[in-house]
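Structure, as structure tokens:
Proteins get letters first, then strands, A, B, ... in listed order; numbering begins at 1 in each. Note that this is a predicted model, so its numbers are computed, not measured.
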Protein chains: 2
Amino acid sequence: MTTIQDVARAAGVSAMTVSNVINGHPNVRPATRERVMAAMTRLDYRVNVAARNLRKGRTGTIGLAVPEIDRPYYGRLAAALIAAAARHGLRVAVEQTGAVRENELAALSLSRNRLYDGLILSTVGLGPADADRLRTDHPLVILGERIFGGPVDHVAMPNVDGAHAATRHLIDRGCRRIALVCGPLAGETDVSGLRHSGYTRALTEAGLPVQPDLVRTVDRLTMAAGAAAARELAFGGRGVDGVFCVTDTVALGVLRGLADCGVRVPGEVKVIGFDDVPESAYLVPSLSTVDPDHDLMAARAVDLLVQRIERPGQALERQEFVSPFRVVARESTAAD
Amino acid sequence: MTTIQDVARAAGVSAMTVSNVINGHPNVRPATRERVMAAMTRLDYRVNVAARNLRKGRTGTIGLAVPEIDRPYYGRLAAALIAAAARHGLRVAVEQTGAVRENELAALSLSRNRLYDGLILSTVGLGPADADRLRTDHPLVILGERIFGGPVDHVAMPNVDGAHAATRHLIDRGCRRIALVCGPLAGETDVSGLRHSGYTRALTEAGLPVQPDLVRTVDRLTMAAGAAAARELAFGGRGVDGVFCVTDTVALGVLRGLADCGVRVPGEVKVIGFDDVPESAYLVPSLSTVDPDHDLMAARAVDLLVQRIERPGQALERQEFVSPFRVVARESTAAD
DNA sequence: TTGTAGGCGTTATCAC
DNA sequence: GTGATAACGCCTACAA
């Protein structure tokens with residue numbers, strides 16, 4: 001393994017000069033530069049990033065902790081984050097937490113151990129009770145959920161308002177018995193809880209009753225669970241004419257489940273999701289949804305993190321960014 | 001920032017003892033261990049991974065370079081790879097190359113700079129001509145494509161045979177004029193080229209003519225391109241009764257495009273994809289496809305890489321693994 | 001069971 | 001414009 005010292009010896013200069021050449025510093029005579037470059041090529045020299053990291057106290061890598069990278073929403077997000085990080089010269093290491101609280105804390109811990117310059121944590125398992133564990137001077141941005149009064153920077157989805165708009169959209173299209181398919185409602189701080197309240201508010205404002213039997217809770221927000229939920233709803237004889245699904249992934253399953261029961265969408269039941277995953281536009285029927293502007297969220301998250309990374313120790317004000325959104329009307333909620 | 005020295009001082013021991021405690025070495029008296037642990041907690045000590053990496057010559061991180069992480073196929077693969085790597089105590093940094101050759105080489109370069117212990121490269125842009133640039137003693141596994149005679153370990157998709165089986169499946173279901181939707185056919189070494197030959201062979205074996213006008217080439221393997229291609233095919237008056245799409249993503253677009261033209265699937269045209277992306281089972285109609293066993297591919301890729309990492313410098317035989325596959329028959333190719 | 005010495009490869013500082 | 005020196009924080013030998 002060739003080191004900077006080997007190159008220096010070969011080029012008849014000091015290690016420092018080699019370093020200056022590598023890092024493109026001025027004040028290196030062209031002739032010297034040439035000689036050094038030649039030696040580097042000849043010896044096939046490669047910088048040792050680990051050594052540089054130690055010296056600089058930076059790794060140039062940020063961590064991204066998400067439940068599962070193969071869920072379209074997280075894939076979409078990760079793509080945007082990696083691109084945004086690259087614009088700042090940062091790489092992204094992806095950790096999968098499986099939505100398990102312990103794994104989310106483990107990712108946090110790795111980051112604090114300076115494996116990463118900072119961490120973007122798309123948390124599902126942590127709640128207000130964990131606020132203390134998040135209190136850290138290590139750069140950290142929470143993404144997606146709302147942790148009330150948490151002590152960290154936060155990029156939030158427009159959960160309540162987006163859900164409200166989605167439900168409102170169904171109402172505007174004539175739906176009166178609107179079901180909700182969501183995850184466990186364990187509080188108000190996670191996606192399901194927040195979107196549930198948006199749903200409730202929209203119904204109430206429209207003078208529609210909020211009926212618990214129209215809220216279908218599934219364990220995990222997967223396509224399989226969505227399909228199963230739809231099969232039950234459709235056969236329940238509840239006269240459902242609209243379904244708001246907390247995520248597009250669940251909605252995709254719901255569309256499948258309704259097809260299994262021979263229920264026509266949007267004819268008999270209209271369906272809307274949340275996330276605007278790339279697939280949604282191409283489904284048959286194409287899926288109406290709420291687009292939270294992933295690219296903007298990603299850019300903001302990275303910006304916030306970079307701020308912290310570049311001003312270490314500075315007690316900046318805690319910052320929060322709630323993404324704007326828009327309802328994307330497609331075939332699944334088309335007027336009859 | 002507390003170092004191991006600070007802890008040592010605070011606990012009244014040497015740095016070495018602290019290190020032993022951290023790494024769970026035996027031969028530390030319980031009382032001493034207690035004292036050290038207490039000091040670590042009190043001072044909020046955290047190991048500096050960069051320093052450890054430098055010392056050990058390992059980073060504990062492998063790189064994964066894929067075109068775009070938000071394409072379902074790569075998401076699925078990344079999820080499996082991250083899980084497989086985690087079983088070996090390795091983390092995964094994801095780089096997006098956008099399928100651009102230069103970016104693929106850049107990822108290679110980063111890895112060689114010991115930013116990563118090794119690299120898994122899902123290459124699209126590199127071909128046989130780049131074999132020399134891949135000749136490296138740094139751990140590297142090429143994933144997905146076939147680089148003929150390349151000098152590196154390789155985990156390959158069952159491209160030719162899988163495509164053959166998919167086409168054969170359409171023939172078995174009664175199709176006689178089978179179209180292919182694929183990427184640019186610039187050679188035999190990329191997905192499209194290989195799957196094209198599988199398609200051709202199946203037709204020939206069945207005594208069916210290979211008609212160039214039934215091969216639709218699209219620039220990028222996206223849903224949008226698939227939809228556009230399907231709209232043309234359906235209107236071309238070519239009497240197409242089956243379509244083999246080189247990837248599920250393209251197939252998803254094709255299904256959409258056919259729906260736009262009012263063509264019934266599988267009634268008028270049958271469609272099959274390749275990859276068995278999670279969404280495929282839930283589409284309406286659900287998509288028949290070729291399942292290349294992502295988890296197995298991922299596990300093998302990581303195994304190969306770990307072998308190289310653990311026996312640095314050893315000139316192991318170049319290894320190749322071609323994943324088995326199976327045709328998954330779903331609604332999109334159901335008998336009439 | 002614990003401590004001492006030294007170096008992993010790089011770069012900031014400051015002198016020449 | 002170039003070089004000597006000294007860290008960055010950790011861990012492997014070896015010594016006690």
Side-chain angles (χ1 to χ4, degrees), chain A residues 1-40 43-61 110-117 138 312-313, chain B residues 1-40 43-61 110-117 138 312-313:
Chain A
M1 192 170 50
T2 28
T3 75
I4 219 171
Q5 304 287 350
D6 301 330
V7 177
R9 230 183 330 270
V13 297
S14 80
M16 208 43 239
T17 300
V18 178
S19 175
N20 284 334
V21 170
I22 294 170
N23 296 288
H25 285 189
N27 295 350
V28 177
R29 198 178 307 161
T32 314
R33 180 185 309 276
E34 289 301 323
R35 238 171 340 127
V36 171
M37 303 265 269
M40 291 203 294
L43 300 179
D44 191 31
Y45 168 79
R46 322 214 149 253
V47 285
N48 183 322
V49 184
R52 177 180 285 174
N53 286 346
L54 173 58
R55 181 63 237 227
K56 295 205 163 180
R58 293 271 180 87
T59 67
T61 300
L110 281 178
S111 180
R112 278 208 272 248
N113 287 356
R114 275 150 296 187
L115 178 60
Y116 308 132
D117 290 344
H138 197 78
Chain B
M1 191 170 49
T2 30
T3 76
I4 221 172
Q5 305 287 349
D6 301 330
V7 176
R9 229 184 330 271
V13 298
S14 80
M16 204 41 238
T17 303
V18 178
S19 176
N20 284 333
V21 170
I22 293 170
N23 297 289
H25 285 187
N27 297 349
V28 177
R29 200 178 305 164
T32 313
R33 179 185 307 277
E34 289 301 323
R35 241 173 338 128
V36 172
M37 303 267 268
M40 290 202 296
L43 301 179
D44 191 31
Y45 168 78
R46 322 211 148 255
V47 286
N48 183 321
V49 184
R52 177 180 287 175
N53 285 347
L54 174 57
R55 182 61 235 239
K56 295 203 162 182
R58 293 272 180 88
T59 67
T61 300
L110 282 177
S111 181
R112 277 208 272 248
N113 287 355
R114 273 151 299 187
L115 177 61
Y116 308 132
D117 290 343
H138 197 78

Write out a two-atom table: protein N or O, nucleotide N or O from nucleotides 7-11 of chain C, distance below 3.5 Å.
residue, atom, partner, partner atom, Å
C/dG7, N2, B/Arg55, NH1, 3.2
C/dT10, OP1, A/Tyr45, OH, 2.3
C/dT10, OP1, A/Asn48, N, 3.2
C/dT10, OP2, A/Ile4, N, 2.6
C/dT11, OP1, A/Arg52, NE, 2.7
C/dT11, OP1, A/Arg52, NH2, 3.2
C/dT11, OP2, A/Ser19, OG, 2.9
C/dT11, O2, A/Arg55, NH1, 2.6

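The two residues B/Ala15 and B/Gln5 have their closest heavy-atom pair at CB-OE1, 3.8 Å.
Between B/Thr17 and the phosphate of C/dG3, there is a side-chain N or O to OP1/OP2 separation shorter than 4.0 Å. Using a 4.0 Å cut-off, some side-chain N or O of B/Thr32 falls inside it from OP1 or OP2 of C/dT2.
Put simply, CG on A/Asn113 is 14 Å from P on D/dG9, counting in whole angstrom units. If you take CG of A/Asn53 and P of D/dG9, they are 13 Å apart, rounded to a whole angstrom.
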Name each donor-acceptor pair under 3.5 Å that joins a side chain in residues 21-31 of chain A to protein atoms two or more places apart or in another chain, with its distance.
residue, atom, partner, partner atom, Å
A/Asn23, ND2, A/Ser19, O, 2.8
A/Asn23, ND2, A/Ser19, OG, 3.4
A/His25, ND1, A/Asn20, OD1, 3.1

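Between B/Met37 and B/Met40 there is a side-chain heavy-atom pair separated by less than 4.5 Å. Looking at B/Val49 and A/Arg114, their side chains never come closer than 4.5 Å, going by heavy atoms from C-beta outward. Counting only heavy atoms from C-beta outward, the side chains of B/Val13 and B/Val18 approach each other to under 4.5 Å. B/Thr32 places a side-chain heavy atom less than 4.5 Å from the side chain of B/Thr17.
Between its two ends, the helix from C/dT1-D/dA16 to C/dC16-D/dG1 turns its axis by 30°, counting five pairs per end and rounding to 10 degrees.
The distance from atom CZ of A/Arg52 to atom CG of B/Leu54, rounded to the nearest 0.5 Å, is 13.0 Å. To the nearest 0.5 angstrom, A/Asp117 atom CG is 11.5 Å from A/Lys56 atom NZ.
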